[in-house]
Amino acid sequence: MQKDNNTCNKKKTENNTEKRNSCFSWRENELRTRRSTSAQRRPQPQQKHIEMMHCLTRFSRVGHPVFTSRCRLLHAITIDKYPELLEHCIQTKSLKHGKMIHQHLLKNDSNYYNGNRNYFVLEKITRFYLICDRLGLARNVFDEIPEPTVILWNLMIRAYAWNGPFEASLDLYSQMLVSGVIPSKYTFPFVLKACSGLSAIEPGKMIHSHALRLGLDSDVYVSTALLDLYAKCGDLARAENVFYGMQCRDIVAWNAMIAGFSAHGFFDDMMRLFGDMQEAGISPNSSTIVTMLPAVAQASGLSHGKEIHGYSVRRGFSKAVMVGTGLVDMYGKCGCISYARTIFDLLGVKNEVTWSAMIGAYVASDQMREALILFDHMLLEESSRSPPLVALCCALRACTKLIDLTNGRRIHGCILKSGFLSDLMVSNTSLSMYAKCGILDDAAMFFQEMNPVDRVSYGAMISGCVQNGNSLQALDTFRKMQLSGIDPDEATMLALLPACSHLASLKYGACTHGYSVIRGFVADTSICNALIDMYAKCGKVKTAREVFNRMHKRDIISWNSMIAGYGIHGLGSDALALFGELRNTGLMPDGITFISLLIACTHSGLVAEGKYWFDSMVREFQIIPRVDHCICMVDLLGRAGLLREARSFIDKMPCMPNVHVWSALLAACKIHKDVELAEEAAKRIHSLGPESSGNFVLLSNIYSCAGRWEDAASIRITQSNQGFKKRPGCSWVEINGVIHAFTGGDNSHPQSEQIYKKLKELLTETKKLGYEAVPGVVFQDVEEEEKEHILVYHSEKLAIAFATISLSPSQPIFVTKNLRVCGDCHDVIKYITLVTKREITVRDTSRFHHFKDGVCSCGDFW
DNA sequence: TTAGGGTTAG
């Protein structure tokens, strides 16, 4: 019987949407007719259950015990004692004795089950189970009562609205209407709460109409529940209608309306209402403050946050753990980490949310070491409890940002110990940590073993692939995501687009753009920013500008991406013009704007402009130069041949020069063949370490150029001894949507023979026009012929030869390289454009080189 | 009251 009932109830819940639609067509005039037939409509006890009760009765008819106030079974009782005893159990919440009475009733009183049941006692038992939080048992008894009172219906609806499943609450409300019972003013707050929990606004609207018909909508509890439902569901206009229609608004109503504005990001409305509330003579309470703080944090409304903080202190709320935690979170998200920490330290009582909020605040403020220190502190102070899930996730994110695999593994261990790995958010955070810490194979294995996975898991994997330089794997993961039936969202596209940018794959980039249009993602500023970057890096700077022009709303990243896009194409004047437009918008440039602008000036040789804007950055925009800006300046001056000025700039830098500053100078020395300064730069790099293989190569090549072969060889030996390997050059070209990659001297391509044949032909033709292998870029004192042989096999030459035989003569060639293009290749490509009458574009790590009619857009200045 | 994958430069 119970099982049958449960199955029946389960089915009822599963079909609740259908039922809701049917029951909510309830009309007031149907109510009276249904009421008269309600007894027939209620489920009758099943035969099986009756037989079981008879059986129990036969076995245990041994008298009726009763227990005293000391809860001991003493002597026999009669039926009329049940209500009194049950009431006692309700008052004392004594589950054991209440159950005993229930069992006794089932065993010994067949009168209850032979058609003359005392349903008053069953109602008491239902109430008893509800008060003891035994909702399932309460439901079983409740279902035996043919005509429960409206009070009992309300108690059952309330129990489901508080404990869930919310569907059951709505389901019971429907049954109540069908059985002909008229809801009371107590019914609506509970059933509306269940609607809120389900975000079920349409059923909520129908229930609203029921309350209206019964004239109960003016009740302050009913109207507050209605406004709370509308506010939670984001229908703030409807919520305001209810709110302003209320004759009497208590603090709960004000708080519900404020919570609606807060939860949906209507910061200004929320603050306005906070003021109105006080003007109306209602003093905000701690719930008001707790509700408001997340919206303040989201809007970074620090000044308002401080006002609310002051108010909380004056009212004595700030010491309450929930208010204090809200303040920690608000200050953390507004960038005032020291305020957050002070409040955290002063809080007498901290709960797990407080710890998590403070650790999260450090992560949000880019203070990862402090986040991990506090996490360890928490482990010590709260050693009796397992660490909270959110704090674990925050600490793991700190490790991810630090690329700290050791601590990441340790925290992952804590997660395994706590048994949280089944939580999808935790496993996604762990996946992201492994992927971003560079152990992509482990991350891929972890991902494969994850069950279930969601779009965040795929996003983490795609992003991890891109950040580890494996963009092809990122595209492959995206393909698998589509096959799995999980729909990508904006974040997925934002992870994927850099893969297209990195590969310079216009085909995939354009597909991603098309997909984003279909899904309506292009309304998102971040998506457009990523599209600008993608088109610019795929060689389509005009398309990038079209995306930029069509944007409805641009943020500073939009402008920075476009300025950087012009920069890598050597369009310094366009970058400066766009920067001028930016100044007219009133949007404040940031540090990255100036890095992009300085790079654009560097690639176009606009030295005076670069120097002017560097000074202006400090003077006009009060941006303190970071080491990244200084690297740009050394690059700008050095490439222009102003080596002494670059050297002097380093001395005057407002921050300590790092390896990259000296590397920029070393690169400039290579271009302008200044061996003496190069040696100083190399020494500085050596003292700062760790060095990169690029610097060994640069210095070695400088010595080679100067004919100092022994020094060049010595550098190479040092490089080898210190375990630095030269990063292999790799170039690739996309032909009909397939990416073909080549390394130096590569003969693995299926068309390798034809490629080398074509390259030989091209070189023969270029030599007729005057091409000679450029000396000085080969690191050894080798014979000229052999030097030429080494250069022949550079990856960009192989990619160009392959593109020449794969594309029709009218099609331009676009090659991408993972290092800077070498001087000899740069020279020979110019000749190849003369021989083939083709346009060739090479994107290296620094910029674009557009070759046409024997000339490169970089003006041989890169 | 806290929380997972995401866009620009270097």
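Below, chain A is the first sequence line, B the second, and so on; all start at residue 1. These numbers come from the heavy atoms of this one structure, side chains and all, not from hydrogens, waters or symmetry mates.
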Looking only at dA3(B), dA9(B), dG10(B), the nucleotide nearest the I631(A) side chain is dG10(B)
Could you tell me whether the phosphate oxygens of dG4(B), OP1 or OP2, come under 4.0 Å of any side-chain nitrogen or oxygen in R397(A)?
yes
To the nearest angstrom, how far is N560(A) atom CG from dT8(B) atom C1'?
6 Å
Whole-Å gap separating P (dT8(B)) and CZ (R545(A))
19 Å
With heavy atoms under 4.0 Å as the rule, sort D555(A) into base, sugar-phosphate or nothing.
nothing
Expressed as a whole number of angstroms, how long is the span from M461(A):CE to dG6(B):C1'?
16 Å
Counting distance only, does the side-chain N/O of H629(A) pair as donor-acceptor with the main-chain N or O of R626(A) below 3.5 Å?
yes
Closest to side chain of N351(A), choosing from dT1(B), dG4(B), dG5(B):
dT1(B)
Atom CZ of F447(A) and atom C1' of dG5(B): how far apart are they, to the nearest Å?
11 Å
When the distance from CD1 of I557(A) to P of dT8(B) is rounded to whole Å, what number comes out?
8 Å
State which of dG5(B), dA9(B), dT7(B) makes the closest approach to the side chain of S432(A).
dG5(B)
Name the nucleic acid region contacted by L389(A), choosing base, sugar-phosphate or nothing; use a 4.0 angstrom heavy-atom cut-off, strictly under.
base
Do the side-chain N or O atoms of K436(A) get closer than 4.0 angstrom to the phosphate oxygens (OP1, OP2) of dG6(B)?
yes
Select base, sugar-phosphate, or nothing to describe what P294(A) touches, counting heavy atoms under 4.0 Å on all strands.
sugar-phosphate
Selection from dT7(B), dG6(B), dT2(B) that lies nearest to any side-chain heavy atom of D329(A):
dT2(B)
Side chain of A491(A), heavy atoms from C-beta onward: which of dG4(B), dA9(B), dG5(B) has the nearest atom to it?
dG5(B)
Ring centers of Y339(A), H309(A) separated by less than 6.0 Å
no
Kindly say if K333(A) contacts the phosphate of dA3(B), meaning a side-chain N or O under 4.0 Å from OP1 or OP2.
yes
Between R847(A) (CZ) and dA9(B) (C1'), how many Å, whole number?
16 Å
Rounded distance in Å - NE2 (H603(A)) to C1' (dA9(B)):
11 Å
Which part of the nucleic acid does S356(A) contact within heavy-atom distance under 4.0 Å: base, sugar-phosphate only, or nothing?
base
To the side chain of I599(A), which of dG10(B), dG6(B), dT2(B) is closest?
dG10(B)
With sugar-phosphate meaning primed atoms plus P, OP1 and OP2, does L497(A) contact a base, only sugar-phosphate, or nothing at under 4.0 Å between heavy atoms?
nothing
Using modelled atom types only, decide if a donor and an acceptor are shared between the side chain of H603(A) and the backbone of G572(A) within a distance under 3.5 Å.
no
Pick base, sugar-phosphate or nothing for L424(A), based on heavy-atom distances below 4.0 Å to the nucleic acid.
base
So which heavy atom on W613(A) is nearest to which on F621(A), and how close?
CZ3-CE1, 4.3 Å
I592(A) side chain: which of dT8(B), dT2(B), dG10(B) is closest?
dT8(B)
What orientation do F274(A) and Y311(A) show, parallel under 30°, tilted 30 to 60°, or perpendicular over 60°?
perpendicular
N/O donor-acceptor pair, side chain D454(A) with base dG4(B), under 3.5 angstrom
yes
I359(A) CD1 to dT2(B) P, straight-line distance once rounded to whole Å:
15 Å
With no angle test and no hydrogens, is the base of dT1(B) tied to the side chain of T325(A) by a donor-acceptor pair under 3.5 Å?
yes
Say whether S312(A) and S318(A), considering side chains only, have a donor N or O and an acceptor N or O under 3.5 Å apart.
no
Ignoring hydrogens and geometry beyond distance, is the side chain of T492(A) in donor-acceptor contact with the base of dG5(B) at under 3.5 Å?
yes
So, is S463(A) near the phosphate of dG5(B), with a side-chain N or O under 4.0 Å from OP1 or OP2?
no
Using the benzene-type ring in the case of Trp, are the ring centres of Y566(A) and F548(A) under 6.0 Å apart?
no
Please tell me which of the listed nucleotides, dA3(B), dA9(B), dT8(B), lies nearest to the side chain of I595(A)?
dA9(B)
